[in-house]
Structures are given as structure tokens and as C-alpha cells.
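As C-alpha cells, the structure follows; a few thoughts come after it.
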Amino acid sequence: MPRTYIGALRGFDDGTDVVIYGWLQEARIMKNVSFLILRDNTGIIQATFKNDEATLETIKRINRESIVKVQGVINKKSVSKSGIEIKGTSVSVVNEAEAPLPLPVIDPVQADLETRLNSRFIDLRKRNVSAIFRIESSLLWGIREYLHGQNFIEVHTPKIVAAATEGGADLFPVRYFEKDAYLNQSPQLYKEVLMSAGFDRVFEVGPAFRAEEHNTTRHLNEFTSIDIEMSFADHNDAMSMLENAIKSGVENAIRTNNDDFEALGISISVPETPFPRITYEKCIELLSSEGIDFKFGDDFSPDHLRMIGSRFKGFYFITEWPASVRPFYTMPKQDDPKLTNSFDLQYREIEVTSGAQRVHDPKMLVERFREKKLDVKSFQFYIDAFKYGMPPHAGWGLGLERLTMILLGLNNIRETTLFPRDRTRIVP
RNA sequence: GCCCCGGUAGUGUAGUGGCCUAUCAUACAGGCCUGUCGAGCCUGUGACAUGGGUUCAAAUCCCGUCCGGGGCGCCA
């Protein structure tokens, strides 16, 4: 007999014979009858057994979280709370679990995040933990769908590279045979080169590596970056692409992940577009109206951003950042080159996306390299792409884990990462 | 990189110098219970991160080490 998913049982008639496989979440053994609570990826079901001697012996020996096979008959007139159960005819252990568990799956005690991450495979068995990753998947799917609809193609650029993207951030060195190489911190240079190649619109979903020794609840040393680059476009085009992509992601999650939001005990709504925009200089005014002295050319601290963010319901763009705090490839503002055609997408104090119109004139690019005191030679492959017909272009990079974190109201980015890499953690 | 904080059974905790052969919950083991559903009841097993020091006396105070949490900087 083929396996039936637990979530599909309601679709069958009362009295149907079925075989189900699952993790034994709990066994409640009474004098005359036993209840086995089984869980698979699709749901939870109770199987009941009359306590004949052989069955009782089997059931007593099964540890929690063992994989078991139950054969039985669907009972839709059950007095159980769910109204449906399996009247078991046979039960067997497919693969035994050791006891006690390193981490409780259903106990009321809440394990620390560190303990949970050390036994992540068990942690993820919890409905409210796996829900995060189902929603994350749906968010990404909705974003992909939108970008495909806008004629973007999905690309994959190298993660082992010879040179830094922006010169600033710390890179993880790797040995590449007889050469020194690094793990890429961003696909920035490659996606721009693809604009010169004529692809017009590309996006990439992939890992980005930062060797920064940060120690916060919103940083990872390896995270998933959703990057786009589009030709014959400016920062405004990129911003509207971003808000619509996020909207599409949220819509998709709301449409398909009802049970997961329920498991998390939250509900979210589709953000209204367009997202509000505030310039960097307006932010300074805002801060100074609150008595905060802020120097033009500095970056905002989390406290500043909390203050600015309190003026907005959810997402908001901060635009026209000074050139001093943006990377070399950022296009200066035409009538005021101290500023740039750049933006960050913020959600309260959290930066979710960073983007801009890019410099496309090779002479201006080289000039910007000099200003930032970067070695032109190590970026030669990149600069070459600008010499032979580079269209004007713009793009952004969106942190998937951060997006999921802020949408779900979670307080630690490790919650939205299956196996997070942080300052000290590389296992599991 | 800088600053603050913490490590007690499988898990989560109580404990601030003697009342600690260390509290409670849950897990685990055994038993009881005619349908449970956060099952209930009884019994039992199980821990002071590590090395040194102070003291008549250390889970508790001091120092080192290891491990972890948080904030800042930087960024997605």
C-alpha cells in the first residue's frame, strides 16, 4: 500500500485503509488503549491502538521522535479534538530515535537559540520554526516570479574571486591552487559586466560572504543576497522594481502560507506601494529637530535610524546619500556631485536593501577609483567592460534573511537562517 | 576591533559565603489509570564549564582559561 501524507487524510472517506509514516511526537499509553501522535511534513494525526499484549510491548519500546509506520483505518467520527484519527491495525519502527532528545520538540520549556542551533535538525521539526523557512521560500518565489515577469533572467556569478568588490569590506581568503583568492562579498562587479554584455536585466540569488567581525542580531558572515541589475535605468526605476518585487513576495507568502503564519501566531499585510522616500538631508533635518547633532557625510547609527524609522509605518527609502559613504560605482547626482543617485531601503532601523544608479562612464569610474584610493589594476576586468559600450544602469542588493526577519517580526537574523554562519559558528 | 553580561541535570531554571548530601518544571526509567489530546497520579535517575586563589567554610568572592549572549562600529 502506498504512503499517504498526513495532511491528505481528510480528503479520504471514512473507513479507508491507509499507511502513514512519520515521527512519533508523543505516545500516551492508557490501560486499555494507546494513542500515538504522528507528525510528517504535512501535519499531525493521532493513531489509536487497543492494548493487546504484543502491540503494547511494541508501543512501550518506541522512543519519541522515532520514525514509525502505522497501518490503519481512517476514523472521521473520532472523539479526538481534531475530529479525525487512525484506528491502527499495525505499528512498526522504521528507524529508532535515541532518548533523551538533545532538544525538546514539544515540551513547554524554551531552549536557548544556541542549543537549538546546535541541534538544528530537531529544532526545525517544530512547526513554528519550519514555518519561517516555508515563508522565506514563498517570499523568494514571489520575488523571482515578479522579476521574471519583468524580463529579468536569473544568472549565477562566481563566488571565488580574485579581487574585492568594494575594497572596504573584509574578505575571506581562500587558496586557489597556486593563487590567492577570496570568497565574494557581492556579485556587484559581475552583474554590471553583464550589462555591458547586453543582457539588459539580470538577477541573482546567491550567497555573499563578509569577513567582518560583527556581533549583532542582524549580521551574518554568509547571507543570501538577491541582486538585480538593469540597463537604461536609473535609481528611481530600481526603487520601483524593488518595492514591487517585495510586494509580490509578500503577496505570494500570504496566498500560500496561511498555516505557517498561524503556526507563528502572526499575520502580515501587503505593504502599500510606493514606499515613502526621504532624502539623506531631510533625515539630518529630522534628527536636528529632535536635538541630535549630525554631521553631513556620516552614516546613521541604529539609534538615529530608529528615530527616523519611527516616522514611517514600515518600509521607507533613504535617498541621495553623500558620495563619501557610498561605494565607487555609485552615480553622483547631476546637479550636486556631493550627493549620489543612491538609496537604502529601511524597515525601522534595519537596512534591507542598498542600491543606486551606477557610474557608466569609464573615465568617471577611474576617477572614482582614485578618490576612493583603490587599486585600478585589480579591477581591470571590470573597467574593461566599461570601455566598449556600457549602457547606463542601476540595481540593488536585498538581504533575504533580513527581509524575512523584519516581515515576521523576529529579533535575530539567525532565526531566519537554517545554519547560520556568525563570528564563532561554523558548525553545523 | 571596542564595551557590557552570562555559564547549575537532556532542556529551561531557583540559588548572592554556612540553612545546598543544590529548588522547581519538563524530559528520561519504572509503575498506576477504560479515550488521552499541554493527559493525570506515584516512585526513581540525573547538574554547580575548567584551572588556580581567598576563607574555618565557596555554586556563591577574586584571577586565568574555554564557551556563549548582547550593544557599538561596519554592512544586506
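These numbers were taken from a predicted model, which means no experiment stands behind them. Letters A, B, ... are given to chains in the order of the sequence lines, protein chains preceding strands, and every chain is numbered from 1.
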Are [X] and [N] close enough that a side-chain N or O sits under 4.0 Å from OP1 or OP2?
{"X": "A:Asn412", "N": "B:G70", "value": "yes"}
{"X": "A:Ser354", "N": "B:A76", "value": "yes"}
{"X": "A:Arg64", "N": "B:U26", "value": "no"}
{"X": "A:Arg28", "N": "B:A39", "value": "yes"}
{"X": "A:Lys31", "N": "B:C33", "value": "yes"}
{"X": "A:Asn63", "N": "B:A29", "value": "yes"}
{"X": "A:Thr115", "N": "B:G12", "value": "yes"}

Counting the atoms with a prime plus P, OP1 and OP2 as sugar-phosphate, which does [X] contact under 4.0 Å by heavy atoms, base, sugar-phosphate, or nothing?
{"X": "A:Ser78", "value": "base"}
{"X": "A:Glu213", "value": "base"}
{"X": "A:Leu398", "value": "nothing"}
{"X": "A:Ser301", "value": "sugar-phosphate"}
{"X": "A:Ile29", "value": "base"}
{"X": "A:Glu26", "value": "sugar-phosphate"}
{"X": "A:Gln346", "value": "nothing"}

Whichever of A:Glu222 and A:Arg425 has the more 5' nearest nucleotide on RNA chain B, that residue is A:Arg425
Of A:Asn75 and A:Pro100, the one whose closest nucleotide on RNA chain B sits nearer the 5' end is A:Pro100
Sidechain N-carboxylate O distance under 4.0 Å for [X], [Y]:
{"X": "A:Asp14", "Y": "A:Lys76", "result": "no"}
{"X": "A:Arg218", "Y": "A:Glu351", "result": "no"}
{"X": "A:Arg116", "Y": "A:Glu415", "result": "yes"}

Rounded to whole Å, CG of A:Leu113 lies from P of B:U11 at a distance of 15 Å
The side chain of [X] is closest to which nucleotide in this list: [options]?
{"X": "A:Thr424", "options": "B:G69, B:A76, B:G12", "result": "B:G69"}
{"X": "A:Thr217", "options": "B:G73, B:G71, B:U26", "result": "B:G71"}
{"X": "A:Arg218", "options": "B:U13, B:G70, B:C72", "result": "B:C72"}
{"X": "A:His219", "options": "B:G31, B:C75, B:U36", "result": "B:C75"}
{"X": "A:Ser80", "options": "B:C37, B:U26, B:C75", "result": "B:C37"}
{"X": "A:Gln46", "options": "B:C28, B:C72, B:G35", "result": "B:G35"}
{"X": "A:Asn32", "options": "B:U26, B:C75, B:U34", "result": "B:U34"}
{"X": "A:Met30", "options": "B:A39, B:C72, B:U11", "result": "B:A39"}
{"X": "A:Asp107", "options": "B:G10, B:U13, B:A76", "result": "B:G10"}
{"X": "A:Glu212", "options": "B:C74, B:U36, B:C28", "result": "B:C74"}

With a 3.5 Å limit on both atom pairs, tell me what B:C72 is paired to, counting Watson-Crick and G-U wobble, or say none.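 B:C72 is paired with B:G1.
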key: Any-strand Watson-Crick or G-U partner of B:C28, both distances under 3.5 Å   =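 Pairing partner, where one exists within any strand: B:G44.
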Step-by-step side-chain contact (heavy atoms from CB on, under 4.5 Å) determination, A:Ser225 to A:Leu398
CA-CA 6 Å; A:Ser225 183; A:Leu398 164 66; over 6 Å; no
In terms of heavy-atom contacts, does CZ of A:Phe133 have more than 12 from other residues, nucleotides or ligands at under 6.0 Å?
yes
Report task. Pick the P atom in B:C63 and in B:G73, then give their distance to the nearest Å. Result -> 29 Å
- prompt: Hey, mind stepping through A:Val155 and A:Phe203 against side-chain contact (heavy atoms from CB on, under 4.5 Å) and telling me if it holds?
  reply: CA-CA 6 Å; A:Val155 299; A:Phe203 78 97; over 6 Å; no
Modelled atom types, side-chain donor and acceptor of A:Glu145 and A:Ser248, under 3.5 Å |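 No, no side-chain donor-acceptor contact under 3.5 Å.
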| query | Under the criteria of a ring-centre distance below 5.5 Å and an interplanar angle below 30°, is A:Phe223 stacked with the base of B:A76? | reply | yes
